[in-house]
There are 2 protein chains.
Amino acid sequence: MTTYLALADSLEVDVRKAVPGSRVPSEHELVDLHGISRLTARAALQELERRHLVRRVRGAGTFVARRIEYRIAADTPPSWSETVRRAGGVPRNELLATEVVAADGEVADALGLAPGAPVVRVDRRGWVDGEQAGISSSHFPADRFTDLPAQLVAGDGCADGTTCDTSNGIETSSRHADSASLYTTLVEHYRVSPRRAWSTAELDVLAPEAASLLGLSGRPLAWWLLSCNHDGEGRPIEFARSWLRTDVFKVVFRLEAAS
Amino acid sequence: MTTYLALADSLEVDVRKAVPGSRVPSEHELVDLHGISRLTARAALQELERRHLVRRVRGAGTFVARRIEYRIAADTPPSWSETVRRAGGVPRNELLATEVVAADGEVADALGLAPGAPVVRVDRRGWVDGEQAGISSSHFPADRFTDLPAQLVAGDGCADGTTCDTSNGIETSSRHADSASLYTTLVEHYRVSPRRAWSTAELDVLAPEAASLLGLSGRPLAWWLLSCNHDGEGRPIEFARSWLRTDVFKVVFRLEAAS
DNA sequence: GAGTGGTCTAGACCACTAC
DNA sequence: TAGTGGTCTAGACCACTCC
């Protein structure tokens, strides 16, 4: 057995017993403890990161990961908050931007619209236990959901009652701005109960812009999800593209045949 | 931009244009070409491996990966060969072992049997384009599929017509032993047309024994699939647990709601 | 036997975080 | 300011593959 793998396996035992968020020995500590070179200590910690057992933050340290099972199935509600809550995490929503745009081919196809038809795009960022966890871009037919942006802003967490300026990015206004759950807004304001029409999931290399929105550097892998929801009567109402961090979510996909 | 990421991005352009299986510059070649240390060259190639763009083989070199889209959906047939063929690969089956065992809780539950009921277990290894790509362990109710092992052996690729001894492992007899497609055997001999009842997919750390069966070292991540199939009349006939190599398969899961 | 990737050492500078 | 992880150098030995 190689040194770094033996060390990784030994650390894994401790990490699995430790509380999520607690510290793991630093590279230098492992050097002093085991009389190995820093590169070897580093390889062991990177191995644990590869196994999604720890998170490493430059300048801060290595910490036991909190990993959540994100379950996608026909009978799970297509709601970020609800999915996270069911997995035992504390969800939070942040509205990044809303805009009326022309539907591209994929969006139009999913929503049963003509290409170029107006759609409301809602960009959000999701958090789990205070950590950036995912971003999504949802599209709705503009005719039916004209005032959706207003509804979401009205329901968000700005204490002073004014609308937050979230249109120009992440850094400025959104530090702790909870927005209303999109799902809740659809249910309570629009009186529809969104259900999954279809979803796909795969693992891909994240685009650099998306990576920085998720607090990641380099060119990391992430879950790439497409999902389409319909209202109770079978009419498509939402098409979403999402990225989820692999170190936060263990995505479990369950397909159940129509019987 | 860091040196190794810039090099990786530059190599990625070439790799994407190259034929799968062709050679990528070795670490030493990159050292000489770019005047960098070997560790930096190595980091660049490892980055490409992480992106699933290349495969690295100790002693041999780094090669452009052939990656195949393994699509799981309600309407795709639950057949290894067919799934691989649809993705453009050349499939091959190898029978590792067959045995009648007592159903464990999960197997019994999936097949609608009592725990401990006899089931036929069929262990196979799948190949794509001559490369080890996955292993699976399928379970069938013993009463209905008693002679399944004999059927599979009778249909395998041994030229001399005798039965291959595949029960004791991989190294001995199985170098090029094609076994009959399990799916084909079920259709042609048992006159059932297996359909997906349900499947789940997730990414996990591979057990060491499974890793060596797949030709992998260390503790790599792999796709972990569970799937249950029924015959045309809704009776469950097969429950399978499978591992798929992530460098061979891009698993795409598609859930389609019963409408 | 020549070349490959896998591991390891003993240093170094840097960007970043937390205090 | 002290400590963290990210990157990089210039060596080394090894196990392995291919010829």
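Reminder, nothing fancy here: chain letters follow the sequence lines and each chain counts from 1.
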Nearest-0.5 Å distance that lies between atom OG in B:S79 and atom CG in B:N93: 8.0 Å
Atom CZ in A:R219, atom CG in A:L206: separation rounded to 0.5 Å? 9.0 Å
Reckon A:R56 has a side-chain N or O less than 4.0 Å from the OP1 or OP2 of D:dT4? no
Between C:dT17 (C1') and A:R55 (CZ): distance, integer Å: 15 Å
Do A:W223 and A:W243 make the cut of ring centroids closer than 6.0 angstrom? no
Which atom pair, heavy atoms only, marks the closest approach of A:R245 to A:G215? NH1-O, 4.1 Å
Using atom CG of A:L216 as one end and atom P of D:dG5 as the other, report the distance to the nearest whole Å. 17 Å
Is the distance from OP1 or OP2 of D:dG6 to the nearest side-chain N or O of A:S217 less than 4.0 Å? no
For the residue pair A:I135 and A:A210, what are the closest heavy atoms and their distance? CD1-CB, 3.8 Å
Please give, in whole Å, the distance from C:dA2 C1' to B:H28 NE2? 11 Å
Length of the CZ-P vector between B:R219 and C:dG6, whole Å: 18 Å
Please classify the nucleic acid contact of B:R23 as base, sugar-phosphate, or nothing, using heavy-atom distances under 4.0 Å. sugar-phosphate
Heavy-atom protein contacts under 4.0 Å, nucleotides 7-18 of chain D, coded B base, S sugar-phosphate only, - none: BBB--B--BBB-
Does the pair A:E202 and A:L226 meet the rule for a side chain to side chain contact (heavy atoms under 4.5 Å, CB included), with working shown? CA-CA 9 Å; A:E202 51 187 269; A:L226 299 179; over 6 Å; no
